[in-house]
Amino acid sequence: MIKFEEIKKSLFVSLWFMFLTFPIMVIHVNPIDKIVNWRWDNLLFVGCGSFILSFFWRYFINRKKSGLRQSSPVISPLSNIMARLRNDPKLFRTLIAVLAFIAVAFPFTFSTYQVTIMTTVLLYIMLGLGLNIVVGLAGLLDLGYVAFYAVGAYSYALLNYHFGLSFWIALPVGAILGAFFGILLGFPVLRLRGDYLAIVTLGFGEIIRLILENWNDFSFGPSGISNISRPSLFGIEFSLKSSSIFLYFIIIILVLLTIFVVNRLQHSRIGRAWVALREDEIACQAMGIDKVKTKLAAFALGATWAGMAGVIFAAKTTFINPASFTFHESALILSIVVLGGMGSIPGVILGALILILMPEYLRAFSDYRMLLFGAIMVLMMVFRPQGIISDVRRTYELDNKGASG
Amino acid sequence: MEYFVQLFLGGLTRGSIYALIALGYTMVYGIVELINFAHGEIYMIGAFTALIIASVLGLYGFSEISIIILASIIAIIYSSAYGYTVEKIAYKPLRHAPRLSPLISAIGMSIFLQNYVLLAQTSDFLPFPSLIPEFEFMNPYSHIFSSAELVIFCTTAVAMTLLTIIIKFTKVGIAMRATAQDRTMAMLSGVNVNKIISTTFVIGSSLAAVGGLLIASHIGQINFYIGFIVGIKAFTAAVLGGIGSIPGAVLGGFILGWTESFATGYISSDYEDVFAFALLVLILIFRPAGIMGKSRVQKV
Amino acid sequence: MNKILETINLTMDFGGLRAIDGLDLHVNEGEIVALIGPNGAGKTTFFNCITGISPPTKGEIFLTTRRKDRDKIDGLKPNYITKKGMARTFQNIRLFPNMTALENIMVGQHCRTSSRLIGAIFRNAFTVNEEKLVVENSFHILNRFGLGPYTNEYAKNLPYGAQKRLEIARAMATRPFLLLLDEPAAGLNNRETAELNVMIKSIRDEDKVSILLIEHDMKLVMSISDRIVVLNYGRKIADASPEDIKSDPAVITAYLGEEFVA
Amino acid sequence: MLKIRNINSYYGNIHALKGISLDISEGEIITLIGANGAGKSTTLMSISGIVPPDSGDILYMGNPIHSMSPDKIVSLGISQVPEGRRIFPDLTVMENLHMGAFPRTNKSQVSNDINYVFDLFPILTKRRNQPGGTLSGGEQQMLAISRALMARPRLLLLDEPSLGLAPIIVRQIFDIIKKINSEHNTTIFLVEQNANLALHVAHRGYVMETGKIVMEDSADNLLSNDDVKKAYLGL
């Protein structure tokens with residue numbers, strides 16, 4: 001039974017938001033025609049919406065508080081499924097087989113349009129996993145991740161334009177250049193505290209974008225570079241349709257490679273050092289871990305992946321310009337990581353699926369997608385900072401062979 | 001020489017606006033150690049509110065002067081209300097969370113507010129009326145220092161003086177400083193810390209609104225994205241001076257204003273924003289505590 | 001006897017306040033030395049100073065390793081100092097909360113292992129071998145400190161006493177020859193303190209690790225220490241055996257409060 | 001005056017207070033002694049509302065205060081001088097004192113009280129316009145006590161007032177504590193590690209060990225108790 005007190009509170013919240021959103025939501029002025037458009041219906045939406053949402057808000061806030069007190073972890077059903085998968089190798093293998101089958105069959109059963117969308121999703125999975133190394137594992141908030149993405153994309157575009165370099169050569173070049181820029185930026189800034197690091201990386205990302213926009217001789221400015229070659233296979237050129245299928249498979253392989261690498265790193269000596277660094281910097285140093293070197297490794301590795309993803313992006317769209325590398329792109333990748341679950345590979349995959357597919361298939365959402373990303377970041381931090389699928393540390397058993405699991 | 005003076009005064013005007021907005025960052029950082037990423041958006045919302053109110057009043061035939069006053073007051077009220085609400089939703093529930101959480105939440109808030117205005121209003125640039133009249137006595141000097149610049153400079157000076165008085169001498173001001181220095185002890189002294197934090201957001205936001213009005217009427221157009229760039233620049237100013245330090249924010253604002261003014265005047269105007277960002281990156285790398293900031297000793 | 005840790009004229013200023021004032025202190029090989037003194041006397045600051053977390057304003061610190069190299073370590077970063085063979089625990093437990101107990105120990109062995117990024121990705125024979133050894137070692141260390149039941153528990157979920165032990169175990173995993181313990185008995189009950197007593201002695205006798213500890217529990221300090229150093233206002237006011245410390249008038253004045261000791 | 005009934009507190013997973021109960025009557029000086037980490041400061045922070053207990057009751061003048069916010073508790077007349085003094089380092093001595101009087105609105109009474117604490121600690125008069133951070137340890141302790149007195153408390157909570165101070169200053173401060181108690185009938189709850197000192201000024205004492213009260217007696221009895229002597233008096 002909802003108490004009167006609760007209704008009163010919600011009513012107050014609703015009134016407050018009606019007041020708050022009044023000028024922006026209700027009044028619309030057309031300064032040229034000098035007409036004021038009063039959109040009173042919006043006020044009604046805001047009022048009802050905030051009235052209902054405030055109940056949810058208080059309910060979840062209270063639940064969170066009591067959860068903290070009793071220290072009983074609120075395990076979501078998804079995490080339960082993940083836990084079962086981890087403990088049941090047979091189930092796990094079956095699932096992998098099913099997924100593999102779907103992945104292979106997908107481009108042959110669906111239209112080119114669907115394949116392109118799925119390619120985009122896979123690209124963001126790669127980016128998300130790359131950023132996950134930096135943010136999720138090492139705890140360094142990198143807001144300029146898109147800069148390394150741009151480095152990769154432009155290195156392929158320019159090398160292709162000037163020297164006709166192929167995709168296959170550009171891919172490692174993009175990766176190396178990404179890493180190089182990662183180290184170049186990382187070296188001076190990694191001594192900084194978490195929030196300063198975030199701002200410096202943001203500033204760095206913007207500098208790269210602004211340079212690309214203004215240095216016409218180098219980057220062709222805002223008009224960008226077009227007619228970038230698609231990837232070929234041993235010199236064979238593909239038709240548009242088969243080319244997109246080919247790219248789809250390239251990126252599937254790269255995503256698998258990414259998962260493989262991140263998975264191996266996560267539970268290695270260096271991966272543990274990253275997590276330790278995230279958990280407690282001082283204790284980490286007291287364990288003999290070189291803070292700067294370890295951070296730099298994470299930063300450079302994340303940038304490597306962004307560089308590679310950039311090359312693929314350029315090959316996929318065949319046209320790039322600075323507008324693809326705004327801060328919003330960084331924010332999108334960060335939301336993928338945050339929503340999915342920092343540090344968790346399946347989490348990042350799920351995050352990319354949700355955030356990229358939803359605006360594609362639910363047209364209604366596409367207008368609201370940035371709004372939604374913003375809201376997701378806030379709500380996840382407030383209610384479920386560990387993300388949809390929280391990162392679970394690996395368990396070890398002592399047997400004759402040493403490690404298992 | 002005249003060109004130099006013109007650039008100097010231009011930088012001063014620009015700098016005073018940055019300073020006004022930087023104060024919001026610095027005050028909030030001082031008290032909750034959080035970079036209020038959404039601060040730029042607060043200022044953007046202030047500008048939009050002023051534009052909307054001014055347009056409506058204009059259509060209903062209000063006199064120019066009453067429009068200016070009413071629109072400004074309403075813009076300040078709304079900015080404060082947004083600042084207050086943002087704190088309650090995005091930061092207050094995260095008081096005891098790890099450092100990254102409120103920062104991510106702040107970025108989310110910033111993106112949310114930008115797109116809220118984008119969706120509810122427009123993505124186009126809107127012409128912003130010049131709220132500042134041309135003074136006749138300024139005519140002889142108008143080629144180097146316009147009336148608008150004079151008003152901006154004076155308004156800033158007044159706002160800063162008011163703020164200084166509040167912080168230095170009022171009970172709330174002392175409580176704000178005390179809370180910034182030791183929150184638990186402030187609670188033990190009977191301060192309602194939540195109230196003080198809200199007050200800080202409200203004051204910071206109203207300063208941002210003042211800055212927003214000045215800059216919008218100076219530049220003559222606004223869109224939903226203005227808060228982002230100016231926000232980061234103002235943040236740069238705050239860091240430059242030493243985040244948490246109020247005179248530092250003012251000094252940082254001026255330095256940034258001059259840097260931009262001279263760099264665009266003598267080097268190239270294409271890279272205006274690059275200079276600001278480069279300054280931000282450099283200052284954080286070489287002197288993260290800023291010019292007037294104190295480096296704090298970390299407790300082990 | 002062999003001085004494995006030696007500070008000469010160590011001085012530390014904190015914003016106008018002199019936290020440590022010209023301190024000469026040493027630890028001999030195989031000793032258990034207790035550092036006592038009223039709260040705020042500069043004991044934890046001393047630890048932070050010699051472990052490189054906050055480098056000294058003035059003075060020198062020398063560490064003599066098992067191989068008898070005498071190294072000057074002031075100004076070195078904490079990770080190098082740990083690598084040289086001095087490990088520590090913290091007054092307020094600083095474990096890695098979201099890692100398991102075992103992983104905490106594994107991180108402790110970081111500076112004694114060497115596999116790198118490439119090795120981790122390709123899992124070459126060296127890395128696989130090293131990882132296996134690390135896991136085995138970690139199990140061994142956990143069991144030795146009675147933490148076996150908590151192997152795969154997150155550190156943050158361990159009971160207080162176990163967290164304290166895990167911190168010591170983690171420090172021991174760095175294979176030190178000198179272990180610094182910052183208030184190991186704080187918050188422990190009598191039984192746990194008695195266990196700690198035995199544990200510290202066994203670390204010295206079985207692992208041949210010398211120990212320097214800060215502690216307020218006098219019963220523990222008096223029964224365990226070979227030597228006690230008393231600090232007050234960042235200065236050393238006494239350095240003697242437990243018996244002599246008990247009757248030292250300067251110590252009684254500073255620490256126990258003279259005016260009420262009849 | 002203050003009744004604590006079976007309170008439990010957790011820091012994360014750490015059970016800091018395990019069913020603490022104690023009573024303080026009006027006009028008493030009560031001391032709580034125990035080793036570092038026993039939970040003494042947590043007890044004080046629970047009373048002040050900074051660390052609200054997870055279960056149990058705290059009654060002040062018969063009214064429950066354990067779910068009140070810290071500022072309300074201060075305005076009821078409970079002030080705390082926390083461990084480490086926690087002077088606002090960048091506020092002047094005067095501003096620190098005004099912070100102490102934050103809940104009060106009567107300006108003339110406040111300035112009377114400022115004069116009163118200046119009488120109590122004349123050294124502060126000289127330092128009135130100096131930032132708190134520049135004061136010596138002893139002066140800071142005096143300022144901390146003065147600041148707490150500025151709220152006109154009926155119950156004064158003192159956490160380790162002797163911490164890091166020279167014996168002569170400690171003696172001075174303990175004399176003042178006794179004076180405050182006898183002149184204004186201010187009830188004092190004193191947490192001390194220096195058990196010897198604390199038991200000499202207190203009427204009654206509680207001994208705390210790992211989150212539990214293990215002994216409760218008159219100060220004189222505790223002073224002559226062998227267990228206490230061994231464990232806390234270092235004799």
Side-chain angles (χ1 to χ4, degrees), chain B residues 26-27 29-31 33 88 92-93 95-98 164-200 241-249 289-290 292-300, chain D residues 11-12 41 44-52 68-105 107 110 131-133 140 143-144 146-153 156-159:
Chain B
T26 247
M27 287 169 68
Y29 194 92
I31 213 155
E33 297 216 349
K88 285 276 175 284
K92 189 170 170 242
R95 286 277 158 81
H96 304 288
T164 312
I165 291 170
I166 291 174
I167 300 268
K168 267 239 127 71
F169 302 112
T170 66
K171 203 170 171 177
V172 174
I174 297 175
M176 279 166 73
R177 281 187 285 148
T179 309
Q181 288 165 38
D182 188 335
R183 195 187 297 172
T184 306
M185 191 57 231
M187 287 191 213
L188 288 175
S189 308
V191 175
N192 184 338
V193 166
N194 285 333
K195 248 190 208 159
I196 290 293
I197 292 174
S198 292
T199 313
T200 310
I243 198 147
S245 151
I246 286 176
M292 305 183 77
K294 287 183 216 161
S295 52
R296 292 187 184 178
V297 182
Q298 195 173 6
K299 276 195 180 166
V300 181
Chain D
Y11 278 132
S41 294
L44 285 196
M45 287 301 183
S46 296
I47 299 172
S48 284
I50 304 282
V51 185
M68 277 187 188
S69 64
D71 53 294
K72 290 243 173 61
I73 294 174
V74 174
S75 63
L76 288 177
I78 303 180
S79 285
Q80 188 183 152
V81 181
E83 186 181 349
R85 309 181 268 272
R86 305 185 85 147
I87 293 301
F88 299 111
D90 298 336
L91 299 188
T92 63
V93 168
M94 279 301 268
E95 285 173 333
N96 266 289
L97 292 176
H98 276 293
M99 276 311 294
F102 188 81
R104 295 170 60 188
T105 45
K107 277 189 183 167
V110 169
Q140 286 194 358
L143 177 56
S146 306
R147 180 179 59 188
L149 289 177
M150 287 304 297
R152 288 226 175 152
L156 183 63
L157 313 174
L158 290 163
D159 197 350

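Proteins come first, then strands; the chains are lettered A, B, ... in the order of their sequence lines, and each starts at number 1.
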Under a 4.5 Å heavy-atom cut-off, does chain B meet the side chain of D/Leu91, its backbone, both or neither? both

Please check if the number of heavy atoms outside B/Lys88 that lie under 6.0 Å from its NZ is greater than 12. yes

Nearest 0.5 Å, what's the CD-OG1 distance between D/Gln80 and B/Thr184? 10.0 Å

Spacing of CZ belonging to D/Phe102 relative to CG belonging to B/Asn192, to within rounding of 0.5 Å: 8.5 Å

Between D/Ser75, D/Gly100, D/Pro70, who has the most heavy-atom pairs with chain B when the cutoff is under 4.5 Å? D/Pro70

Between B/Leu188 and D/Ile50, which heavy-atom pair has the shortest distance, and what is it? CD2-CG1, 3.8 Å

Which bit of D/Met150 is near chain B, if near means a heavy-atom gap under 4.5 Å: side chain, backbone, both or neither? neither

Name the region of B/Lys168, side chain, backbone, both or neither, that has any atom closer than 4.5 Å to a heavy atom of chain D. backbone

Does a side-chain heavy-atom distance below 4.5 Å link B/Met185 with D/Met99? no

Using a 3.5 Å distance criterion without hydrogens, assess whether the side chain of B/Gln181 forms a donor-acceptor pair with backbone atoms of D/Asp90. yes

Is chain B contacted by the side chain of D/Ala101, its backbone, both, or neither, given a heavy-atom distance below 4.5 Å? backbone

Which pair of heavy atoms, one from D/Pro103 and one from B/Ser189, lies closest together, and at what distance? CD-O, 3.6 Å

With rounding to the nearest 0.5 angstrom, report the CD1 to NE2 distance, B/Ile174 to D/His98. 6.5 Å

